[in-house]
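FYI, the numbering just counts along the sequence from 1.
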Amino acid sequence: ALPTKPANLMAESSRLIGELGKLRPDAFDTWRLKGALAAASNDWLTAEASFRKAVSLAPGSNREAVLGLARALYQLE
């Protein structure tokens, strides 16, 4: 069964993304998802690093990663 409480969903999402990172550490989606989860948690340092890695793996191919990076940088100002 999937968790239903927001905190449980975030914890399970974090765990699953961590597992994805072990299986595909150089995959664009691993870093994009890690950045999105970090941003949702207001962890802007992790979001910035994750989105930056995603953009470096696939420059210009995904607006979500580029916009996520821009948002993280803005939040860190």
Side-chain angles (χ1 to χ4, degrees):
L2 292 174
T4 56
K5 294 183 180 178
N8 294 343
L9 287 171
M10 293 297 275
E12 181 65 5
S13 296
S14 181
R15 186 189 71 75
L16 291 171
I17 292 169
E19 289 297 314
L20 179 61
K22 291 176 189 173
L23 296 171
R24 300 188 60 203
D26 291 326
F28 166 81
D29 282 327
T30 297
W31 294 99
R32 181 185 57 80
L33 290 169
K34 187 174 180 178
L37 182 64
S41 301
N42 292 320
D43 179 358
W44 298 109
L45 287 173
T46 300
E48 184 269 335
S50 299
F51 283 129
R52 188 176 297 280
K53 177 73 172 180
V55 169
S56 75
L57 290 169
S61 67
N62 189 291
R63 284 190 325 199
E64 182 183 348
V66 172
L67 292 174
L69 176 58
R71 182 173 176 219
L73 290 170
Y74 176 79
Q75 293 295 329
L76 290 169
E77 279 190 356

Next item on the list: Quick one: pull up CG in N62 and CZ in F28 and give me the separation to the nearest 0.5 Å.
Entry: 3.5 Å
Next item on the list: Determine whether I17 and M10 fall in the same hydrophobic cluster, where Ile, Leu, Val, Met, Phe, Trp and Tyr are linked whenever their side-chain heavy atoms lie under 4.5 Å apart.
Entry: yes
Item checked: Value rounded to 0.5 Å, distance of CG in L33 from CZ in F51 -> 9.0 Å
Checklist line | A39 to A47 - nearest heavy-atom pair and separation | finding: N-CB, 3.8 Å
Checklist line | D43 vs Q75 side-chain heavy atoms within contact, under 4.5 Å | finding: no
Margin query: Minimum heavy-atom separation for W44 and A72, please, with both atom names.
Written below: CE3-CA, 3.7 Å
Check: What closest approach, in Å, do E48 and L69 show between heavy atoms, and which atom pair accounts for it?
Finding: O-CD1, 3.7 Å
Margin query: When you group the ILVMFWY residues by side-chain heavy-atom contacts below 4.5 Å and let the links chain together, are L37 and L20 in the same group?
Written below: yes
Notebook entry, point to check: Do any N or O atoms from the side chain of S14 and from the backbone of A11 form a donor-acceptor pair under 3.5 angstrom?
Noted result: no
Margin query: Could you measure the distance from the CZ atom of R24 to the CG atom of D29? Nearest 0.5 Å is fine.
Written below: 7.0 Å
